[in-house]
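Below is one structure, written out as C-alpha cells; comments come after it.
Protein chains get the first letters and strands the later ones, always in sequence-line order, with residue 1 at the start of each. On a predicted model such as this, the values are computed, not experimentally measured, just so you know.
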There are 2 protein chains.
Amino acid sequence: MGDVALHTPDAPGYPVRSVGKALEILLMLRDRETIGIAEASRELGIARSTAHRLLSMLEHYRFAQRDTKSRGYRSGPALVSLGLAAVVRMDIRRLARPHMERLAHEIEETVTLMCLEGADVRFLDSVESPRPVRVAGRTGLLRPAHCTSAGKAILADLPSEQLEKLYPDEPLRTLTERSIGSRRRLLTVLEEVRRAGYATNLGESDAGLVGIGVAIPNLAGSPSAGIGIAAPESRLAPEQIREIADAALRTANAIANTFE
Amino acid sequence: MGDVALHTPDAPGYPVRSVGKALEILLMLRDRETIGIAEASRELGIARSTAHRLLSMLEHYRFAQRDTKSRGYRSGPALVSLGLAAVVRMDIRRLARPHMERLAHEIEETVTLMCLEGADVRFLDSVESPRPVRVAGRTGLLRPAHCTSAGKAILADLPSEQLEKLYPDEPLRTLTERSIGSRRRLLTVLEEVRRAGYATNLGESDAGLVGIGVAIPNLAGSPSAGIGIAAPESRLAPEQIREIADAALRTANAIANTFE
DNA sequence: GCTTGGTGTTCTGTACTGCGGGACAATCTT
DNA sequence: AAGATTGTCCCGCAGTACAGAACACCAAGC
C-alpha cells in the first residue's frame, strides 16, 4: 500500500539498466576529456564487454567518437548539436535575452547568464559590452561557483544543507590569489551577499576583471541561474557598484516575472 | 565468410536495442520542441509502455524534462551541460578561435564558425565586430545552409550525390525574398562558388545583412565546417568583397593547417 | 629477448530483463 | 455525452543483453 519513496519524485519504477548505464557514460563524458573501456567498466561496475558494447552503440549514433590514435572515446558531434539545440530552446535563456541586452546597453558592460552545475557555474549566454575594450563573452565555459559573482549570488540562495554537500573538502579550488580559499570564509561572504542582495568578484576568477552578480529568483524546477556583469578592473569605481547592482537586480526580477 | 556490410564502417555488431531506441529519442528531441509518449512509440515502432519507460529513464537522468502542464517531454538540463561541455572541447572550435579573433580584429566585422548539420548549418562560435554597430554573434542558431554564406561554401565542397540527398524536395525553404528558392538555381550558384573560392549572402538570411563565407578544407572525420563574415549591408561595398574573402580564405587555411 | 600488467575486441550460453499487450484513468474533440 | 487519444500501471513470456573467458595487442620492466 502506502509507498514510502514518494520523496524521490522521479525514481524510475521500472528501470532499464542498459539505458541507465549508457546515460551514465554520457555523463562521464561531460567531466572527463576521454574515457577508456576499462575505465567505464570499473566505474559503473559492469563487465568490460558490456562497456565495449555500450560505447560502440554511442559511437554508432555519433554521441561519442574515438580519439585519433584509437585510444579512448570522446564526446561526439551528436552531443554538440543536441546540446546547442537544447541551449537555444532553454526557457531561461530565451526569456532572459532581451532583458540582458537592455542591461548591457544601459551600463555598457558585458552581461552573462549562468546556471549552477554542481559546484560550478556554466556560462549559458552573454551579451558583450558595446565598448571597444570589454570583457569577452565566453559561452559554454565552466567556472567554480565561489570564484564568480553570479555564482556566489546563486550559492547564497541555496539551503545550507545543500551547500555543505557541494563543498565536502576543505581547501577550496582557487583561480587567482584573491579567490576564496576556505569554507569558513565562503560562508561569511555568502552571509554578506544575502544581506546586500548581490555579490561581487574582485579579481577572484581572472586577474584584472571585476564582476557584480545577482541570482534570478523563483526559477521553478530548472537549475538555479543568475546574471553577472563583468568589467575591466580599471573601469569600475567602487561608488558605481551599488548602482549597477540595482540595475542587475531589476533585470533579474524582470526575468523572473516573465515566467507566467 | 565475406561480410558484405563492410561499407557501413560503424555498424554495431551487437546492438543494444533499448539503448539505441533511447538515443533515437534524444535525437528526436533535437528537431522537435517536445515529444509525447504515443508520438515516440509510433515513430520508433515500439509499444507505448516501452516508450514510457524509456522517457522516464531519460527524465530521471535529467536528459529530458516534462513540460509544464505535464504534456510532453522536452530536452533537459543534462543535455545542455553535456552539449556545452562538448562544444567547448571541440577541436575545430578550440583551434579556430585564435584565428577567428585575428580575422575579426583585422576586418572589424563579426566572424562566425559554423558546421553542417543535415541541410542546415549550426552556429558554433563567433567573435563579434569591435564596432558599435555590428552583427550579433548567435551561437547555437540553426539556419538553412543554402541561405548563408558559409553554408553555401560548405555545400559547394560536397560531392554531388550527397548534395542531392540533402535536397530531395523542390521548393527550397526561404528566409527572405532574396533566398535561393530552387534547386537549379542553387546548383548554378554553387558552381560559381567553386570557381570563386568563396560564397556571398546578400540579404538571403536576414534583410539588411550581408555575408561572405568560406569552407575550412580537409576536416578529416569531423563534419564539414566553415567560417562566415557578417556585416550590415550599408557598410560592405562590393569592391571590398574580394579583399575580405581573401582574408577569410587565409584564415580558413590557417585553421586547417593547425590540424597536425 | 621474454615476461607481466594493462588494454580493446569477439564469441557463446543462460538467466534475467526489458518488451509487448492489455486495462485503466484522465484528457481533449466531436 | 460519447468517442478518440493520451499517459500510466501491471504482468507473464521470450528474447536479449549481460558476464565470463579467450584472444590479440601494446606498453613498460626485468
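Under the 6.0 Å distance and 45° angle rule, B:R183 does not count as a cation-pi partner of B:Y167.
Two residues, B:A51 and A:E39, neighbour DNA chain C, and the one matched to the more 5' nucleotide by heavy-atom proximity is A:E39.
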Give every pair of a protein N or O atom and an N or O atom of nucleotides 20-24 of chain D that lie under 3.5 Å apart, one pair per line with the distance.
from, atom 1, to, atom 2, distance (Å)
D:dG20, O6, A:S49, OG, 3.1

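Distance A:R53 CZ to C:dT12 P: 14 Å, rounded to the nearest Å. When rounded to the nearest whole Å, the span between CG of B:D67 and P of D:dT6 equals 17 Å. We find that CG of A:L55 is positioned 11 Å from C1' of C:dG8, with the value rounded to whole Å.
Residues B:L124 and B:T139 are not in side-chain contact: their nearest non-hydrogen atoms beyond the backbone lie 4.5 Å or more apart. Taking the side chain as every heavy atom from C-beta outward, B:R74 and B:E33 approach each other to under 4.5 Å.
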Could you pull out all donor-acceptor pairs under 3.5 Å where a side-chain atom in residues 154-165 of chain B meets a protein atom, sequence neighbours excluded?
none

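For residues 18-37 of chain A, proximity to DNA chain C is found at A:S18, A:G36, A:I37, defined as any non-hydrogen atom under 4.0 angstrom from a strand atom.
Taking the salt bridge (charged side-chain N to carboxylate O under 4.0 Å, His left out) definition, one finds that B:R138 meets it with B:D206, sequence neighbours left out. Every salt bridge (charged side-chain N to carboxylate O under 4.0 Å, His left out) that A:E39 has, sequence neighbours left out, goes to A:R32.
Residue A:H52 has a polar side-chain atom (N or O) positioned under 4.0 Å from OP1 or OP2 of C:dT9. Note on B:R17: every side-chain N or O is 4.0 Å or more away from OP1 and OP2 of D:dA17. A close approach under 4.0 Å does not occur between any side-chain nitrogen or oxygen of A:R42 and OP1 or OP2 of C:dG6.
Stem list for DNA chain D (at least 3 consecutive Watson-Crick or G-U pairs, distances under 3.5 Å): C:1-6 with D:25-30, C:8-24 with D:7-23.
Remark: the backbone N or O of A:E204 is paired with a side-chain donor or acceptor of A:S179 at under 3.5 angstrom. Between the side chain of B:T50 and the main chain of B:I46, no donor-acceptor pair closer than 3.5 Å is present. Remark: side-chain polar atoms of A:K21 are paired, donor with acceptor, to backbone N or O of A:L44 under 3.5 angstrom. Listed for the A:R89 side chain is a donor-acceptor partner under 3.5 Å among the backbone atoms of B:R30.
Salt bridge annotation for B:R97-B:D125: present, with a cationic side-chain nitrogen under 4.0 angstrom from a carboxylate oxygen.
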